[in-house]
Amino acid sequence: MTGGRPRPDATAGVVVLGSANLDLVATAERHPMPGETVLGLSFAEHPGGKGLNQAVAAARSGATTKLVAAVGTDPAGGTLLDVAAAAGVLIDDCVRRADHPTGRALIAVDRHGENSIVVVPGANATMPAMTGELGGTVLLAQLEVPIESVAATFAAARRRGLTTVLNPAPAAAIPEDLLGDCDIVVPNQHEVDRLGGVQHLLDLGVSAVIVTLGADGVLVADRSGRRIHPAWEVDPVDTTGAGDTFCGALAARIAMGDPLSAAVDWAAAAAALSTTIDGAVPSIPTAEAVDHLIATGRRRA
Ligand code: ADP
């Protein structure tokens, strides 16, 4: 044993398999009709994609976190990798540079705040299954990379004894084999309906179903019953990224050894804080900010 800070244990941590996108956001008075051009008011680029967002949330929550993703060899790919690395996410041996453009979301926002979005998966669609050793103790994935790749990666991770966590977003029908390889499924209200409801997931062998309910908090369902964890009281300005923050923070706290109920409370506090700042990645809180909210904040009645 040498002196100084302990090295992070690379085998105890979170592996996030998922998408990385560059979001291109234009605002305009109104949306163009098909075939029409309108002049915009403003433009901004933001890092995004559920995989990247959730990896940043896990890392800021204090877990050793690795992102398994595919981006292009274009400058946008480099930008996204810089964002991940700056947040402390490990990317070196697990992000593919694919011969496809980096995934992009083209987002138009009108004066009412209504979005219309075209997502071009690009490199994300080339993400293969990762059946070799990934490190980590918790594997977290969403559905913005090919579902066959998620399914094969989960099956291999299960055989190695990792805890598998699926955020089934965006909402989709999911093969029962994949659901059967999930220890924990974290849908929102809309997504859980697409999956046939909480009881159906428990019947397929999922150990815990954690349904995020926005300002109404979180429903946790497992073999011992169903409990609501009320949301933390905050003044929200932008709920973009709340679900991603919840999932990343939950996976981190499970990897760090929290019991499920404590991990849910901690992740809900992280997600609540994320609603108090605009954007996704910039709004993901540090562990210190979450600890402070838990020590000083209140739950909604
Ligand atoms: P999604 O964006 O994926 O639909 P939710 O809207 O359910 O996810 O939000 C995820 C979690 O974020 C919620 O379960 C809750 O803990 C927290 N959250 C969301 N909105 C609020 C809010 N207005 N106040 C406090 N916490 C919130």
Side-chain angles (χ1 to χ4, degrees), residues 16 18-19 21 23 46 48-58 60-61 105 107 113-115 117 119 140-144 165-172 174 184-195 197-198 201 208-222 226-254 258 260-287 289-294 296-301:
V16 181
S19 59
N21 289 328
D23 294 350
H46 304 294
K50 290 180 181 299
L52 178 61
N53 292 344
Q54 295 186 14
V56 170
R60 289 206 182 132
S61 298
I107 305 172
E114 191 81 44
N115 288 339
I117 305 178
V119 177
L140 170 63
Q142 324 75 31
L143 300 178
E144 289 184 338
V165 183
L166 181 67
N167 171 221
I174 301 181
I184 301 174
V185 179
V186 190
N188 66 15
Q189 279 166 292
H190 175 55
E191 291 148 6
V192 78
D193 288 343
R194 277 301 293 273
L195 299 178
V198 168
L201 293 171
V209 181
I210 299 175
V211 186
T212 62
L213 305 170
D216 291 329
V218 185
L219 168 74
V220 178
D222 58 20
R226 297 182 182 204
R227 305 167 295 285
I228 293 278
H229 293 238
W232 292 85
E233 205 167 277
V234 290
D235 290 323
V237 296
D238 175 15
T239 60
T240 313
D244 288 341
T245 301
F246 182 87
C247 292
L250 179 80
R253 297 302 296 199
I254 292 171
D258 272 3
L260 187 63
S261 166
V264 167
D265 280 337
W266 205 92
L273 280 177
S274 79
T275 70
T276 63
I277 295 173
D278 270 328
V281 167
S283 76
I284 297 169
T286 60
V290 179
D291 285 336
H292 182 73
L293 177 64
I294 290 173
T296 61
R298 290 194 312 173
R299 312 287 200 111
R300 292 169 62 98

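Excluded from the calculations below are hydrogen atoms, water molecules and symmetry mates; all remaining heavy atoms, backbone and side chain alike, are included. Note that ligands are numbered from 1 as they come in the structure, with each ligand's atoms numbered from 1 the same way.
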- Query: Would a 4.5 Å heavy-atom cut-off, applied to side chains only, mark Leu219 and Val192 as touching?
  - Reply: no

Whether Arg299 and Asp265 form a salt bridge (side-chain N of Lys/Arg under 4.0 Å from carboxylate O of Asp/Glu) is what I want to check. yes

Worksheet item: Hey, does Gln142 have a side-chain heavy atom less than 4.5 Å from the side chain of Val16?
Response: yes

Looking at Trp266, is its backbone amide N or carbonyl O close enough to the side chain of Arg253 to form a donor-acceptor pair, meaning the two atoms are under 3.5 Å apart? no

For the residue pair Asn21 / Ser19, report whether a side-chain donor-acceptor contact shorter than 3.5 Å exists. no

Lining ligand 1 at under 4.0 Å, by non-hydrogen atom distance, are residues Asn188, Thr212, Leu213, Gly214, Ala215, Gly217, Val218, Ala231, Trp232, Val234, Pro236, Ala242, Gly243, Ala268, Ala271, Ala272, Thr275

Salt bridge (Lys or Arg N to Asp or Glu O under 4.0 Å) filter on Arg227, not counting sequence neighbours, yields Asp222

